[in-house]
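The figures here come from the full heavy-atom set of this structure, side chains too, leaving out hydrogens, waters and symmetry mates.
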Amino acid sequence: MTRRLRRAGRVPTGVDRVEQAYLNRFIEDDVPAYALMRTAFGYVMLDVGGMRAFHDRVVGAKNWGHPDLLSRLPRGRDQALMQAETDVRRLAVGRCVPARLRQMLTRLLSDGFDYFNVGHSNLTERVLRSVSYAQGRTHVLIHDVIPLEHPNFQRSGTVRPFREKLQRVARLADSVIYNSDDTRRRAEAQMRSWGRVPPSIVAHLGTMMPTPDPSGLPQGLPPAQPYFVTVGTIEPRKNHAFLLDLWEQMGSDAPPLLICGSRGWNNDAVFARLDALPPDSPVTELPGLSDAALAALIQQSAGMLFPSFAEGYGLPPTEALMLGSRVLCNDLAVLHEVLDTYATFAPVSDTENWLKTMNSWKNSPSEAVSGAGFEGPEWSDHFKTVLRLT
């Protein structure tokens, strides 16, 4: 649960939601479970009671405590992380410095165990070898290999660590869980060049749908007229520049476009365009919305737009279809796999098709949506597949 710990206090991303789903599942299981977390000064282990307490804090049912002196020592960290690390140390049934990890695992899990890493965090040589030393079996969920296929979309200095992480998974994992057939095909193509392809399964991700609640929206939202929504971190891969270009082409006839997501990286040109928008622009940037408020915005929209260049799965359009919204997305193989025929697909090279589709949806917001009848994958189905590994 290292990623969920490190991102305490932030709006959850798709990967965060997956870690949360595994936490939810394991604290309700009758099989003993522990959570492993990497803090600034070493590792902590929580038992099921500690995991439940951590869960309550993550979802906001309980408040984080006050940060202790140890959490304040590293510089440049936000308040939420300091509070979260303090609390997990208080809740821990085991703590150790990095060099003592294998001894802690052996002591607490002497009867053997299965280790699930589903957040791409903490996939280090130390952790994977310590699990093996303690007679555990490692199962890693791979979300995508986009950093290797599209390095131009990544933060500086992140591609090599990601490659090394995946190489360790190829060498040391007992099995790999893939969120889609498309991700498995792409990841195993990389692994074959390194010499070992671990046994694997494909388990589509489930969804945790909040109850839509417009009360958390800023004043004036949702717009009175038909509007469109796009959801995702504002980074190059999500292709917000394409939408801004379309809105410029539409000019005064453009409907409202709500860009829901925080600003990411390597996207200064898009940030500059957003900063330069006039006060009466139809384009609005909306970071930090709650899941319930965002769901309400999507549900009442004329459609969700998803022009992403690359995806490992595509949770936002999946959730949009489950909310009854229409979805217009880039023509990606993985989106065809997950969304089937319920979404509308158009390559981002075909701007006329995008403009024609949006114009039609803008003028017919009350008609039956393309997502009608869509039944998204359930987490229960995901876990029926995954837990066969144990």
Side-chain angles (χ1 to χ4, degrees), residues 3 12-18 118-121 140-167 169 176-193 200 202-205 229-246 259-271 304-321 327-340 342-351 353-354 377:
R3 179 186 173 97
T13 65
V15 178
D16 299 336
R17 293 171 188 268
V18 174
V118 299
H120 281 195
S121 295
V140 179
L141 197 159
I142 298 297
H143 294 264
D144 61 68
V145 290
I146 292 170
L148 304 184
E149 294 184 329
H150 300 280
N152 53 307
F153 293 152
Q154 306 307 305
R155 293 185 182 94
S156 176
T158 61
V159 174
R160 179 178 174 181
F162 182 87
R163 179 183 294 109
E164 293 172 346
K165 183 184 300 184
L166 197 62
Q167 287 172 337
V169 171
V176 176
I177 306 159
Y178 293 106
N179 57 1
S180 66
D181 282 306
D182 187 68
T183 299
R184 174 160 68 177
R185 178 176 59 82
R186 295 173 183 277
E188 291 188 348
Q190 300 282 341
M191 291 177 178
R192 286 190 190 94
S193 66
S200 65
V202 172
H204 282 180
L205 304 178
V229 175
T230 188
V231 177
T233 302
I234 306 174
E235 52 156 314
R237 175 171 63 90
K238 296 297 185 179
N239 202 14
H240 291 83
F242 172 76
L243 296 180
L244 294 178
D245 289 344
L246 292 182
I259 298 178
C260 303
S262 301
R263 294 192 179 192
W265 51 89
N266 295 355
N267 222 4
D268 289 345
V270 168
F271 300 157
M304 171 184 274
L305 308 178
F306 202 67
S308 178
F309 285 120
E311 290 293 323
Y313 188 75
L315 273 177
T318 301
E319 293 176 347
L321 288 178
V327 172
L328 174 58
C329 57
N330 195 10
D331 195 23
L332 302 179
V334 68
L335 297 181
H336 279 280
E337 176 186 339
V338 175
L339 308 179
D340 198 21
Y342 293 96
T344 299
F345 299 92
V348 291
S349 59
D350 188 356
T351 57
N353 198 344
W354 279 73

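- Residues that satisfy the side-chain contact (heavy atoms from CB on, under 4.5 Å) test with Pro317, not counting sequence neighbours, are Met304, Phe306, Val327, Leu335, Leu339.
- Closest non-hydrogen pair, Val15 versus Val118, comes out as CG1-O, 4.2 Å.
- Once rounded to the nearest 0.5 Å, the distance linking CZ of Arg185 with CD of Glu337 reads 9.5 Å.
- Between the side chain of Asp16 and the backbone N or O of Thr13, at least one donor-acceptor pair lies under 3.5 Å.
- Under the 4.5 Å side-chain criterion, counting only non-hydrogen atoms from C-beta, Asn239 is not in contact with Ser308.
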Let me check something: any side-chain donor-acceptor pairs from residues 145-152 under 3.5 Å, sequence neighbours excluded? List them with distances.
| unit_1 | atom_1 | unit_2 | atom_2 | d |
| --- | --- | --- | --- | --- |
| Glu149 | OE1 | Arg186 | NH1 | 3.1 |
| Glu149 | OE2 | Arg186 | NH1 | 3.2 |

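- Residues Asn330 and Trp354 come closest through the heavy atom pair N-CZ2, 3.8 Å.
- His336 has its side chain within reach of Asp331: a pair of non-hydrogen atoms, C-beta onward, lies under 4.5 Å apart.
- Without hydrogens or angle criteria, Thr351 side chain to Leu246 main chain gives no donor-acceptor distance under 3.5 Å.
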Considering only distance and modelled atom types, tabulate donor-acceptor pairs under 3.5 Å from the side chains of residues 153-160, sequence neighbours left out.
| unit_1 | atom_1 | unit_2 | atom_2 | d |
| --- | --- | --- | --- | --- |
| Thr158 | OG1 | Arg155 | O | 2.8 |
| Arg160 | NE | Glu164 | OE2 | 3.0 |

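- Annotation: ring-ring contact (aromatic ring centres under 6.0 Å, His included) contacts of His120 (sequence neighbours excluded): His143, Phe162.
- Considering only heavy atoms from C-beta on, Asp144 stays 4.5 Å or farther from Glu311 through its side chain.
- The structure places OG1 of Thr318 at 13.0 Å from OH of Tyr342, a figure rounded to the nearest 0.5 Å.
- Atom NZ of residue Lys238 and atom CG of residue Leu305 lie 13.5 Å apart, to the nearest 0.5 angstrom.
- How far CG of Leu141 is from CG of Leu205: 6.5 Å, rounded to the nearest 0.5 Å.
- The structure places CD1 of Ile177 at 13.0 Å from OG1 of Thr183, a figure rounded to the nearest 0.5 Å.
- The heavy-atom pair separating Ser121 from Arg3 by the smallest distance is OG-CB, 3.4 Å.
- The shortest heavy-atom contact between Gly261 and Ile234 is O-CD1, 3.8 Å.
- Evaluation of the ring-ring contact (aromatic ring centres under 6.0 Å, His included) rule for Tyr178 yields no partner, not counting sequence neighbours.
- Here the CD-CZ distance, from Glu235 to Arg263, works out to 14.0 Å after rounding to the nearest 0.5 Å.
- Annotation: side chain of Asp268 is in contact with side chain of Phe271 (closest heavy-atom distance under 4.5 Å).
- The side-chain contact (heavy atoms from CB on, under 4.5 Å) check on Pro161 picks up nothing, with sequence neighbours excluded.
- Between Ala343 and Leu321, the closest heavy-atom pair is N-CD1, 4.4 Å.
- Contact check for Tyr313 versus Val338: side-chain heavy atoms found under the 4.5 Å cut-off.
- Shown here for Ser180 and Val334, the closest heavy-atom pair between the two residues is OG-CG2, 3.6 Å.
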